[in-house]
Amino acid sequence: MLMGPQNLAVHLQLVREQVAAAATAAGRSVDSVTLLAVSKGHPASAVRAAHALGLRDFGESYEQEARPKMAELRDIDLTWHFIGRVQANKTRPIAAEFAWVHAVDRLKTAARLSQQRPYHAPALNVCIQVNVAAEASKGGIGPDELPELAAAIARLPRLALRGLMCMLPDGEPVERQREWFATLRGLLQSLNARGAKLDTLSMGMSGDYAAAVMEGATIVRVGTALFGARPAD
Ligand SMILES: *Cc1c(COP(=O)(O)O)cnc(C)c1O
């Protein structure tokens, strides 16, 4: 379904209201939550329209799809986040083009991103994806292996390890969503208690972002609720 800018404005207002309501209910400042607009499956024109409505952070999952879109949008100031799985043969363009990578789950990939991050660019912000529900279909490291991976990634010179990311099983009731998100927050807190300095919880998508904000999300990654269903879905 393609959407006009008017629909986008309406959807954006709704998402902002829900984020604000959840933040307020949790005693948090709404400014502590970044709305990351997931533009995968949507054209550059949708990103331009969202930018005109005040959005600055955009997420893409496929490097091949993102590259021409990003090239077309060079005239506006955007922060690009790579939120998909990082394939080993795509680390170089990802390290060159993006400001953030959200789904790092192995040291080898992180080391390549660090090595390939251009010297003129600031450190690449990364999050480690944690497979909180131990789903076979999802990427991410198990909680047990997290401390070791986090310590190793934190030592890489061209990366800034910022925090943790997760994706939940579909169709969970809100109370269960909150439990999963609280699990990720607990993992972040225990890393920080051991001396890490992580400030980012990348959690919450169209179906569960309110629960994520209640549990401390600092970045919510929202696609469908803003742009409508993806044409490819
Ligand atoms: C596609 C995607 C999203 C956005 O999903 P919606 O349900 O459309 O909001 C968020 N995070 C990741 C990692 C994704 O791949």
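None of these values were measured; they are calculated from a predicted model. Numbering of ligands and ligand atoms starts at 1, following listing order.
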For this session: State whether the number of non-hydrogen atoms from other residues, nucleotides or ligands found under 6.0 Å of Arg185 atom CZ is greater than 12.
Result: yes
Could you give the N/O to N/O pairs under 3.5 Å linking ligand 1 and the protein, each with its distance?
unit_1, atom_1, unit_2, atom_2, d
ligand 1, 8 (O), Thr224, N, 2.8
ligand 1, 8 (O), Thr224, OG1, 2.5
ligand 1, 8 (O), Arg230, NH1, 2.8
ligand 1, 8 (O), Arg230, NH2, 3.2
ligand 1, 9 (O), Ser206, N, 3.0
ligand 1, 9 (O), Ser206, OG, 2.5
ligand 1, 9 (O), Gly223, N, 2.8
ligand 1, 11 (N), Arg221, NE, 2.9
ligand 1, 15 (O), Lys40, NZ, 2.7

Problem set entry | Candidate list Ile83, Asp57, Leu226, Thr224, test side-chain contact (heavy atoms from CB on, under 4.5 Å), partner Val38, passing option | Ile83
Exercise. Hey, is CD on Gln13 packed in by over 12 heavy atoms from elsewhere, all under 6.0 Å?
Worked result: no
Exercise. In terms of hydrophobic clustering (I, L, V, M, F, W, Y; side-chain heavy atoms under 4.5 Å; direct or indirect links), are Ile94 and Leu78 co-clustered?
Worked result: yes
Problem set entry | Pair Arg112-Thr91, side-chain donor/acceptor within less than 3.5 Å | yes
For this session: For the residue pair Phe82 and Phe98, categorise the inter-ring angle as parallel (less than 30°), tilted (30 to 60°) or perpendicular (more than 60°).
Result: perpendicular
